[in-house]
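Notes to accompany the following structure.
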Amino acid sequence: MKNYQLFASAISLFALCASAGTANAHSSLEQREAKAGGFYKAVVRIPHGCNGIATTAVKVELPEGFISAQPQPKAGWSVETTKGDYAQAYKVHGKDITSGVKQVTWNEGSLPSDYYDEFVIVGQLAKFDKDTTLSFPVTQTCGTDASVAWIEIAKDGQDPHALAHPAPQLHVLVATGGDEHAGHGDHGTHGDHASAPVKIDDLAISNPSVRAMVPGAKVAGGYLTIVNDGKAADRLVGVSTTGVKRVEIHEMSMENEVMKMRRLDDGLELPAGETVELKSGGYHLMFIQPEHPYKEGETIPVTLEFEKAGKVEIDFPVTAQRGKSSDHSHH
């Protein structure tokens with residue numbers, strides 16, 4: 001009997017500690033590291049309510065340097081945005097952007113305290129000239145009488161875990177010449193898998209990669225860099241590989257502060273003497289409905305067809321999801 005009581009007490013203590021740990025878990029970002037200048041999908045994680053009370057509103061303040069932001073609609077919730085001027089102008093696809101969404105609020109919903117959920121905002125990271133930490137202060141409102149605010153911002157050199165209510169943080173790394181912009185990750189760089197450029201005619205092709213697919217995804221993003229050293233323009237007119245429904249050439253761009261995705265039916269122009277980079281947040285390839293999800297470590301043989309240079313087959317390594325900017329699962 002005594003042993004049973006000791007065992008029961010131990011179980012009770014374990015349950016109490018587990019409960020306390022859950023109650024103290026703070027709001028955070030799913031992807032905590034990304035490359036400067038790239039597309040970023042901010043997935044804000046809400047682990048619990050306010051001392052057992054259901055969350056009915058979530059407000060996220062957006063930091064300077066996270067621009068052209070758009071919230072993702074959420075079933076059962078309404079969403080509101082507050083816009084304002086940026087501290088400086090940012091160049092996006094050749095245009096100066098001086099204002100945009102500064103705050104996003106989801107409300108009129110209900111997230112019971114015992115449940116976990118995610119709230120998503122997509123946007124662009126500024127081209128910082130040094131590694132930078134951005135904070136995304138989050139406030140949960142629970143009904144009319146309770147709230148919890150994750151808004152404390154760590155000072156330089158301070159451990160954010162030492163704060164009682166730390167704001168979720170994103171570490172933005174300066175992009176290098178071979179880097180792909182990060183972020184749907186989940187995501188590092190296709191430059192991590194760089195090899196000697198493949199040459200065909202006046203074209204040099206380097207840094208090919210395909211993004212590993214998350215469970216349930218129907219498409220995968222492909223990236224590469226093409227340098228046209230010739231005196232005449234060329235055009236990437238087709239991409240193909242086995243085991244997929246088709247491969248398309250796409251462009252992601254901002255129009256009137258709205259992110260647009262379109263297929264380039266006429267192919268991708270490669271101006272003479274210029275470098276064209278297919279990367280997250282810009283031009284990229286879309287591998288539609290592979291027969292099996294692409295996994296890190298695999299290699300996909302891909303045939304590129306150019307209007308003038310002809311065809312060439314290149315191996316595309318499948319890169320990890322972690323630390324990247326977009327997994328294309330939203331297509």
Side-chain angles (χ1 to χ4, degrees), residues 29-44 59-72 79-105 119-138 151 153 156 167-191 221 223 225 250-262 271 274-284 323-328 330:
L29 292 170
E30 179 183 63
Q31 179 192 342
R32 304 182 189 186
E33 187 174 285
K35 292 290 184 181
F39 172 86
Y40 177 63
K41 182 178 181 180
V43 180
V44 179
K59 179 179 72 176
V60 182
E61 299 173 44
L62 307 185
E64 182 74 21
F66 182 54
I67 57 181
S68 303
Q70 292 178 279
Q72 179 173 294
V79 60
E80 300 175 357
T81 59
T82 300
K83 296 184 177 182
D85 293 333
Y86 297 138
Q88 64 181 73
Y90 296 95
K91 188 78 70 175
V92 178
H93 298 292
K95 297 181 179 180
D96 285 333
I97 303 298
T98 59
S99 64
V101 175
K102 303 293 289 291
Q103 179 179 292
V104 177
T105 302
F119 297 77
V120 179
I121 307 165
V122 297
Q124 190 89 8
L125 293 171
K127 296 181 179 180
F128 296 100
D129 57 8
K130 63 179 181 179
D131 291 352
T132 303
T133 298
L134 300 183
S135 295
F136 290 71
V138 176
I151 60 175
I153 298 176
D156 290 342
Q169 287 189 333
L170 172 69
H171 300 290
V172 183
L173 306 179
V174 174
T176 59
D179 281 339
E180 172 201 36
H181 297 305
H184 23 91
D186 75 289
H187 311 294
T189 70
H190 61 252
Y223 312 98
T225 301
H250 279 227
E251 178 187 20
M252 180 181 289
S253 61
M254 298 298 299
E255 296 181 13
N256 297 322
E257 298 186 11
V258 177
M259 189 166 287
K260 302 288 186 180
M261 181 78 69
R262 69 185 182 100
E274 295 190 16
T275 297
V276 177
E277 187 178 6
L278 283 76
K279 60 189 179 183
S280 178
Y283 298 121
H284 57 278
K324 310 297 180 187
S325 63
S326 174
D327 62 13
H328 293 82
H330 56 284

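Remember, it's a predicted structure, so these values are computed and weren't measured experimentally.
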For the side chain to side chain donor-acceptor pair (under 3.5 Å) test, which of Thr132, Asp131, Thr133 pairs with His171?
-> Thr133
Contact summary for Leu29 and Gln169, nearest pair of heavy atoms | CD1-O, 3.6 Å
Val172 versus Lys35: any side-chain heavy-atom pair under 4.5 Å?
-> no
Closest heavy-atom pair, Thr98 versus Ala89, reported as atoms and distance to 0.1 Å, is CG2-CB, 3.8 Å
Are any non-hydrogen side-chain atoms of Glu64 and Tyr86 less than 4.5 angstrom apart?
-> yes
Atom pair NZ/CG of Lys130 and Leu173 - distance to nearest 0.5 Å | 14.0 Å
State, yes or no, whether a side-chain contact exists between Val101 and Ile121 at a heavy-atom distance under 4.5 Å.
-> no
Verify side chain to side chain contact (heavy atoms under 4.5 Å, CB included) between Lys91 and Asp96, making sure each step is shown before the conclusion.
-> CA-CA 5 Å; Lys91 188 78 70 175; Asp96 285 333; 3.1 Å; yes
Looking at Phe128 and Gly65, what are the two nearest heavy atoms and their distance?
-> CZ-CA, 3.8 Å
Atom pair CD1/NZ of Ile67 and Lys127 - distance to nearest 0.5 Å = 9.5 Å
Pro168 and Val138 have their tightest heavy-atom pair at CG-CG2, 3.8 Å
Between Val276 and Pro271, is any pair of side-chain heavy atoms under 4.5 Å apart?
-> yes
Look up atom CD in Glu61 and atom OG in Ser135, then write down how far apart they are to the nearest 0.5 Å.
-> 10.5 Å
Heavy-atom check, side chain of Lys102 versus side chain of Thr82, under 4.5 Å = no
Are any non-hydrogen side-chain atoms of Leu134 and Tyr40 less than 4.5 angstrom apart?
-> no
Rounded to the nearest 0.5 Å, how far does NZ of Lys279 lie from OH of Tyr223?
-> 12.0 Å
Given side chains that start at C-beta, do those of Phe66 and Leu125 come closer than 4.5 Å, heavy atoms only?
-> yes
List for me each residue that meets salt bridge (charged side-chain N to carboxylate O under 4.0 Å, His left out) alongside Asp85, sequence neighbours excluded, and say none if there are none.
-> none
Can you measure from CZ (Arg262) to NE2 (His250) and round to the nearest 0.5 angstrom?
-> 10.5 Å
Do other residues, nucleotides or ligands put more than 12 heavy atoms under 6.0 Å from Tyr283 OH?
-> no
Side-chain contact test, heavy atoms from C-beta onward, threshold under 4.5 Å: evaluate it for Val120 versus Val44 and give yes or no.
-> no
